[in-house]
Amino acid sequence: MIKEVKGQVTAGKGNYAIVVSRFNEFITSKLLAGAIDCLQRNGAADKQISVVWVPGACEITQASKKLVQSGKYVAVICLGAVIRGQTAHYDFVCQQVARGIGQINYDSDVPTVFGVLTCDTLEQAVERAGTKMGNAGADAALTAMEMANVMEQLS
Ligand code: INI
């Protein structure tokens, strides 16, 4: 018989932390609303959801690491928006946050989900924050629930 592990997309009883950056808040607030709505629609009560605001994408990793280490959360959802047009150091910001979140996942058993938009234009970001291309915050929440369930089954 084949043993198969497949995560269910349901909030379960665990707590979820959302780390969201204030930079480009016009976009990130929409990602946050999408993530919270998705968690709630899949059974999460308000008391299971914590939100931590940080200044920019570069600060997401540090707060996420602390939340992971607290042992209080079954998943951490990282939300931000890096938009190329606004900065010469776009690539450094993207690299820093992507590498940081990747490192947390490598070092711990708590799924830490990359819900950071990296876009060339503001229009692309708007498209991914609840319009044409869906809501990346909601997508990140779905991934968080599924991975929390997978990790529970694996432990
Ligand atoms: N932070 C973002 O979240 N998005 C951006 O587009 C961005 N740009 O364009 O610079 C950005 N920069 C700030 C950075 O994340 C840090 O907060 C800052 O460098 C202080 O460490």
Side-chain angles (χ1 to χ4, degrees), residues 7 9 11 14-42 44-151:
V9 181
N15 298 320
Y16 292 80
I18 304 173
V19 180
V20 56
S21 59
R22 281 190 291 101
F23 205 105
N24 291 321
E25 190 173 340
F26 169 72
I27 298 294
T28 63
S29 60
K30 309 277 192 300
L31 301 181
L32 176 62
I36 291 174
D37 178 65
C38 184
L39 289 171
Q40 289 173 333
R41 282 172 187 271
N42 287 282
D46 285 359
K47 65 176 182 202
Q48 287 175 261
I49 304 172
S50 300
V51 176
V52 177
W53 286 91
V54 295
C58 288
E59 287 72 42
I60 288 174
T61 304
Q62 197 165 40
S64 300
K65 190 172 138 203
K66 185 94 176 160
L67 291 161
V68 163
Q69 288 172 344
S70 76
K72 292 180 185 162
Y73 301 98
V74 292
V76 176
I77 300 164
C78 303
L79 304 176
V82 193
I83 302 173
R84 187 185 287 276
Q86 296 172 343
T87 177
H89 61 283
Y90 169 89
D91 292 317
F92 296 108
V93 176
C94 292
Q95 275 169 26
Q96 183 164 335
V97 63
R99 204 182 50 216
I101 293 171
Q103 187 69 44
I104 295 174
N105 275 305
Y106 188 75
D107 289 342
S108 91
D109 282 349
V110 179
T112 302
V113 181
F114 189 86
V116 179
L117 295 177
T118 56
C119 299
D120 285 329
T121 64
L122 180 61
E123 188 186 0
Q124 288 176 353
V126 169
E127 284 173 3
R128 290 158 178 77
T131 60
K132 275 201 255 185
M133 306 285 287
N135 186 308
D139 293 343
L142 290 174
T143 301
M145 289 183 279
E146 185 173 341
M147 277 307 295
N149 194 265
V150 167
M151 294 306 282

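These numbers were taken from a predicted model, which means no experiment stands behind them. Just follow the structure's listing: the first ligand is 1, and inside any ligand the first atom is 1.
Heavy atoms of A81 come nearer than 4.0 angstrom to ligand 1 in at least one pair. Using a non-hydrogen distance threshold of 4.0 Å, H89 registers as a contact of ligand 1.
Within a 6.0 Å radius of CD in E25, more than 12 heavy atoms belonging to other residues, nucleotides or ligands are found.
Counting heavy atoms closer than 4.0 Å to ligand 1, residue I83 contributes backbone atoms (N, CA, C, O) but none from C-beta onward.
Checking only distances, P55 never comes within under 3.5 Å of ligand 1, N or O to N or O. Here's the thing with F23: none of its N/O atoms is less than 3.5 angstrom from an N/O atom of ligand 1. Residue V93 places no N or O, backbone or side chain, under 3.5 Å from any N or O of ligand 1.
Residues D91 and Q95 bring no donor and acceptor atom of their side chains to less than 3.5 Å of each other.
For T112 against I101, the heavy-atom pair with the smallest separation is O-CG2, 3.5 Å. Among all heavy-atom pairs drawn from A57 and S21, the shortest one is N-CB, 3.8 Å.
In this structure, NZ on K66 lies 13.0 Å from CD1 on I104, to the nearest 0.5 angstrom. Note that SG of C78 is 9.0 Å distant from CG of L67, once rounded to the nearest 0.5 Å.
Which parts of ligand 1 touch G56 is read off a 4.0 Å heavy-atom cut-off, strictly below it: atoms 3 (O), 15 (O), 17 (O). Short contacts between ligand 1 and N24, defined as distances under 4.0 Å to a heavy atom of the residue, involve ligand atoms 4 (N), 5 (C), 6 (O).
Considering only heavy atoms from C-beta on, E146 stays 4.5 Å or farther from P111 through its side chain.
Heavy-atom proximity to atom 17 (O) of ligand 1, evaluated over R84, E59, E25, Q96, is greatest for E59.
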